[in-house]
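Encoded as structure tokens, the structure appears first; notes follow it.
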Amino acid sequence: MAQVTITINSREYAVACEDGQELRIIQLAKILDEKARALTGGSMQVNEGMLLAMVGLMLADELTETKKNGSNSHSEDNNKTLENLCIADKNLAEQIKNLQNKLNLLASELNLL
């Protein structure tokens, strides 16, 4: 197990993580630090528990909006894909019907020879 020291709102915390995950933990901590500083304006005179709750709510809100926007675009993409598949299916059915008619004509002509 690796250990990394992160800084959030000018306070340092020692955090254990899997080997090789140190950089990722530092990157995530920077996001938390930015959110905490945005809420406190850099002031250290904020209850740590309240700050944690507020940062968590901000991140949860961002995550929810991202998921909502992502699912809407996926739904629209799926509808367009389904529509395109239906159109392609109709076109293919027409082509198969045309080929069948041509094959029937060829078969009739071969029978006449």
Side-chain angles (χ1 to χ4, degrees):
M1 267 309 215
Q3 189 168 357
V4 63
T5 301
I6 60 172
T7 304
I8 300 172
N9 200 36
S10 302
R11 292 186 185 202
E12 290 187 349
Y13 302 90
V15 177
C17 62
E18 292 181 19
D19 291 332
Q21 292 296 310
E22 297 90 347
L23 182 59
R24 181 70 176 146
I25 297 299
I26 291 170
Q27 291 170 334
L28 294 171
K30 284 183 182 180
I31 294 170
L32 291 175
D33 186 48
E34 289 171 10
K35 300 291 181 193
R37 289 180 183 276
L39 286 170
T40 64
S43 170
M44 300 247 321
Q45 303 298 322
V46 177
N47 176 308
E48 204 169 298
M50 179 59 85
L51 181 60
L52 172 65
M54 293 303 294
V55 169
L57 287 171
M58 286 177 68
L59 291 172
D61 180 54
E62 288 177 16
L63 179 62
T64 302
E65 288 299 314
T66 300
K67 283 183 177 180
K68 185 171 76 173
N69 293 337
S71 67
N72 286 343
S73 67
H74 287 306
S75 179
E76 290 172 12
D77 290 345
N78 288 342
N79 288 340
K80 287 181 183 179
T81 300
L82 183 59
E83 187 177 318
N84 289 338
L85 284 173
C86 287
I87 291 169
D89 186 53
K90 283 182 182 180
N91 290 337
L92 188 56
E94 284 180 36
Q95 290 175 357
I96 289 172
K97 201 177 231 182
N98 289 338
L99 285 173
Q100 184 179 16
N101 289 337
K102 287 180 182 181
L103 286 172
N104 287 337
L105 284 174
L106 282 173
S108 296
E109 287 178 11
L110 286 173
N111 284 334
L112 292 175
L113 294 177

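Below, all heavy atoms of this structure are taken into account, side chains as well, without hydrogens, waters or symmetry copies. Sequence positions, counted from 1, serve as the residue numbers for this chain. On a predicted model such as this, the values are computed, not experimentally measured, just so you know.
Taking the salt bridge (charged side-chain N to carboxylate O under 4.0 Å, His left out) definition, one finds that E18 meets it with nothing, sequence neighbours left out. Among residues two or more places apart in sequence or in another chain, the salt bridge (charged side-chain N to carboxylate O under 4.0 Å, His left out) test is passed with E22 by none. For E34, there are no salt bridge (charged side-chain N to carboxylate O under 4.0 Å, His left out) partners at least two apart in sequence or on another chain. In this structure, the side-chain contact (heavy atoms from CB on, under 4.5 Å) partners of Q95, at least two apart in sequence or on a different chain, are L92. Residues passing the side-chain contact (heavy atoms from CB on, under 4.5 Å) test with I26, sequence neighbours excluded: V4, K30. Listed by chain and residue number, E83, N91 satisfy the side-chain contact (heavy atoms from CB on, under 4.5 Å) test with I87 (two or more places apart in sequence, or in another chain). For Q21, there are no side chain to side chain donor-acceptor pair (under 3.5 Å) partners at least two apart in sequence or on another chain. Shown here are the side-chain contact (heavy atoms from CB on, under 4.5 Å) partners of L51, two or more places apart in sequence or in another chain: N9, A36, L39, T40, V46, V55.
Contact record, A2 with D19: N-OD1, 3.2 Å, taken as the closest heavy-atom pair. Residues C17 and I25 approach most closely at CB-CG1, 3.8 Å, considering heavy atoms.
Every pair tested for salt bridge (charged side-chain N to carboxylate O under 4.0 Å, His left out) that includes a residue from residues 92-101 fails, sequence neighbours excluded, so the list is empty. Here salt bridge (charged side-chain N to carboxylate O under 4.0 Å, His left out) pairs that include residues 46-56, with residues two or more places apart or in two chains, are R11-E48.
Summarising the geometry, atom CG belonging to L63 is positioned 10.0 Å from atom CD belonging to E65; distances are rounded to the nearest 0.5 Å. In this structure, CG in L57 is found 9.5 Å from CG in L52, a value given to the nearest 0.5 Å. Atom CD1 in I96 sits 11.5 Å away from atom CG in L103 (nearest 0.5 Å). E62 contributes atom CD, which lies 7.0 Å from atom OG1 of T66 (distance to the nearest 0.5 angstrom).
If you chain together hydrophobic residues whose side chains sit under 4.5 Å apart, M50 and I8 fall into the same group. Clustering ILVMFWY residues whenever any of their side-chain heavy atoms sit less than 4.5 angstrom apart, transitively, puts L59 in the very cluster that holds Y13.
The shortest distance between side-chain heavy atoms of L28 and I6 does not fall below 4.5 Å. Contact of the T64 side chain with the K67 side chain is not registered, since no non-hydrogen atoms from C-beta on lie closer than 4.5 Å.
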